[in-house]
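Right, one structure below, let's go through it.
One is the number of the first residue; the rest follow in order along the sequence.
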Amino acid sequence: MENYIRFDWAMKRLLRNKANYAVLEGLLTTLLEEKVTIHKLLESESNQEDEFDKYNRVDMLAENSQGELVLIEVQNNNEYAYFQRMLFGASKLVTEYINRGEGYEKVRKVYSVNIVYFSLGHGKDFVYHGKTEFIGIHEGDILELSPFQKQTFKVDKVSQLYPEYYILKVNDFNRVARTPLEEWIYYLNTGNVPEHATAPGLDTVKEQLKLDRMSREELKAYYKHLDNIVILRDNIMTERAEGRAEGRAEGRAEGRAEGRAEGRAEGRAEGRAEGRAEGRAEGLAEGRAEEKAAIARNLKSLGLSPEQIAKATGLAEAEINQLTTDHQ
C-alpha cells in the first residue's frame, strides 16, 4: 500500500491551492453527508502561531458555496482545554464575520471540524457531532422554528442556525474501513488510502498527495516536520512523566511528614487518655484496699477472730494479722 503526505502537512502546503480543493471538499462532503463546494479559503489564525504551534496545530478556514464558514483544525498533541478552544474558535468566527449594524439574521453558519491526534475526553466512538437544541424542561419536546422562520432562514431546525462541531479522534480508529467516513479516518490515521476506497476526495489524495511527487527539498522539509512532531510529542510525554514522578515524591514526603505529626499527636492523646484511665483504676483499687483494711481493724477491735474477718472482708488471714500488727 502506497504512503501519502500527512493531512496536516498537505493543509499547510498543498490544499490551499484551488486545484486541490477536491480533497477538502471530499472530506467535508463525507463528514457532513451533503455536497460541499469550497468557494474560497479565508485568512485563519494559523499565520500568527508560535514555533510550538507550527508542529502541534494546523487550521484552515473555508467558505462554501452557501456562504457558510468551515473551520478545519488538526491538533497533534494534548490540550486539556480543547473543548473550550473549539467554542472560542467558532464564537470568534460568528462575531468577526458580521458587519457592524447588520441584523442578527446575517449571522453566518459555522462548522468546526476538529481532527485530533490525542485522547480528547472519554468516549467509545471515534467521530462525534455536537449541535445546539432547546429541549422542554417539562414536556421534553424540542423547540422548533415557526413556518415563517423556516421560509426566511431556509433551514428546517433551530440547530442548523447554530455552530456545529465535529471531532474526529483518529487515533482511536482500529478497524477495517467499510464506509466512506471510515476510509477517510483510516487515511488521517495511517497516511495510507484503502486500496478500494470510494470516499469523495480520496482519489485526489492518490493523485496529488503522493510522496514521490515531492521534490528533494520538499521531502527534506516534510521529514523534518514529521521529526519535529515526534520530538514535540516526546518532550511533552517526558515532561508529564517527570511531573508525575515529582508529584509522587512530593506526595510521599508530605504524607510521611503528616503521618509523623499525626502519629505524635495521636500518641500523646492516647498516652494521656490511657494514663488517666490507669490512674483512676489504680486509685480505685487502692481506695478499696484501704477501705477493707479499715473494716478489718474495726472488726478485730470488736473481738472477731481472723477467720471471721476474712470471711467478711475477703482479705487473707495473713493480711489481717499484718494489719493488726501494724495497727498495734
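- For the atom pair CD (Glu207) and CG (Leu209), the distance works out to 10.0 Å, reported to the nearest 0.5 Å.
- The number of heavy-atom neighbours closer than 6.0 Å to CD of Glu96, taken from other residues, nucleotides and ligands shown, is above 12.
- In this structure, the side chains of Val170 and Ile115 come closer than 4.5 Å at one or more pairs of heavy atoms.
- The OG1 atom of Thr204 sits 12.5 Å away from the CG atom of Leu14 when rounded to the nearest 0.5 Å.
- Contact between Leu219 and Leu211 at its shortest, heavy atoms only, is CD2-O, 4.0 Å.
- Under a 3.5 Å cut-off, the side chain of Glu319 and the backbone N or O of Ala316 do form a donor-acceptor pair.
- Side-chain atoms of Gln208 do not come within 3.5 Å of backbone N or O of Val205 as any donor-acceptor pair.
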Please evaluate residues Lys150 and Glu144 with respect to the criterion salt bridge (charged side-chain N to carboxylate O under 4.0 Å, His left out), reporting the C-alpha separation (whole Å), side-chain torsions for both, the decisive distance (0.1 Å), and the verdict.
CA-CA 9 Å; Lys150 290 181 180 180; Glu144 301 287 353; 5.3 Å; no
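- Side chain of Lys131 to main chain of Tyr162: no donor-acceptor pair is present (N/O by atom type, distance under 3.5 Å, no hydrogens or angles).
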Could you go through Val113 and Leu31, starting from their C-alpha distance and side-chain angles, then the distance that decides it, and tell me whether this counts as side chain to side chain contact (heavy atoms under 4.5 Å, CB included)?
CA-CA 9 Å; Val113 179; Leu31 185 63; 3.7 Å; yes
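- One finds the OH atom of Tyr111 at 14.0 Å from the CG atom of Leu71 (value rounded to the nearest 0.5 Å).
- Side-chain N or O atoms of Glu79 include none that pairs as donor or acceptor with a backbone N or O of Ala81 at under 3.5 Å.
- Residue Leu61 holds its CG atom at 10.5 Å from NZ of Lys92, rounded to the nearest 0.5 Å.
- When atom types are taken as modelled, the side chain of Lys40 and the backbone of Glu63 share no donor-acceptor pair closer than 3.5 angstrom.
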Expected list for residues 97-106: side-chain donor-acceptor pairs under 3.5 angstrom, two or more places apart:
residue: Glu102; atom: OE1; partner: Asn99; partner atom: N; Å: 2.8

Enumerate, atom names and distances included, each donor-acceptor pair closer than 3.5 Å involving a side-chain atom of residues 21-29, sequence neighbours excluded.
residue: Glu25; atom: OE2; partner: Ile38; partner atom: N; Å: 2.9
residue: Thr29; atom: OG1; partner: Glu25; partner atom: O; Å: 2.7
residue: Thr29; atom: OG1; partner: Val36; partner atom: N; Å: 3.0

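- Two residues are said to be in side-chain contact when any heavy atoms from C-beta on lie closer than 4.5 Å; Val74 and Phe7 meet this criterion.
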Run the numbers on Leu188 and Leu168 for side chain to side chain contact (heavy atoms under 4.5 Å, CB included), then give the verdict.
CA-CA 9 Å; Leu188 295 172; Leu168 283 62; 3.9 Å; yes
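- Considering only residues two or more places apart in sequence or on other chains, His129 meets the side-chain hydrogen bond (donor to acceptor under 3.5 Å, both in side chains) condition with Glu164, Tyr166.
- No side-chain heavy atom of Ser119 sits less than 4.5 Å from a side-chain heavy atom of Asn78.
- Atoms NE2 and CG, from His39 and Leu42 in turn, are 9.0 Å apart once rounded to the nearest 0.5 Å.
- Using a 4.5 Å heavy-atom threshold, the side chains of Leu41 and Met60 count as touching.
- In the hydrophobic clustering of ILVMFWY residues, with side-chain heavy atoms under 4.5 Å counting as a link, Val155 and Val110 come out apart.
- Residues Leu145 and Val107 are members of separate hydrophobic clusters, defined by side-chain heavy-atom contacts under 4.5 angstrom among Ile, Leu, Val, Met, Phe, Trp and Tyr.
- How far CG of Leu15 is from NZ of Lys12: 12.5 Å, rounded to the nearest 0.5 Å.
- Looking at heavy atoms from C-beta onward, Ile142 lies out of side-chain contact with Phe134 at the 4.5 angstrom threshold.
- Every residue two or more places apart in sequence or in another chain that forms a side-chain hydrogen bond (donor to acceptor under 3.5 Å, both in side chains) with Glu68 is listed here: Asn64.
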Kindly indicate, with the supporting measurements, whether the criterion side chain to side chain contact (heavy atoms under 4.5 Å, CB included) is fulfilled by Tyr165 and Tyr128.
CA-CA 8 Å; Tyr165 302 89; Tyr128 289 88; over 6 Å; no
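- Nearest heavy atom pair, residue Asp125 against residue Lys169, reads O-CD, 4.3 Å.
- Under a 3.5 Å cut-off, the side chain of Asn189 and the backbone N or O of Asn171 do not form any donor-acceptor pair.
- Asn192 places a side-chain heavy atom less than 4.5 Å from the side chain of Tyr186.
- Of the possible polar contacts, one joining the Arg16 side chain to the Met11 backbone as a donor-acceptor pair under 3.5 Å is found.
- The shortest heavy-atom contact between Ala199 and Pro180 is CB-O, 3.4 Å.
- Within a 6.0 Å radius of CD in Gln151, other residues, nucleotides and ligands contribute 12 heavy atoms or fewer.
- Listed here is the closest heavy atom pair of Pro200 and Trp184: O-NE1, 2.9 Å.
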Please determine whether side chain to side chain contact (heavy atoms under 4.5 Å, CB included) holds for the pair Tyr187 and Leu202, giving the CA-CA distance in whole Å, both sets of side-chain angles, and the decisive distance to 0.1 Å.
CA-CA 9 Å; Tyr187 162 61; Leu202 289 182; 4.2 Å; yes
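- The side-chain tip of Arg6 points at the ring of Tyr117 from less than 6.0 angstrom away and within 45° of straight on.
- Within the structure, every pair that satisfies the salt bridge (Lys or Arg N to Asp or Glu O under 4.0 Å) test and touches residues 177-187, not counting sequence neighbours, is listed here: Arg175-Glu182.
- Residues satisfying the side-chain hydrogen bond (donor to acceptor under 3.5 Å, both in side chains) criterion with Asn20, sequence neighbours excluded, are absent altogether.
- Of all heavy-atom pairs between Val94 and Pro163, the closest is CG2-CG, 4.2 Å.
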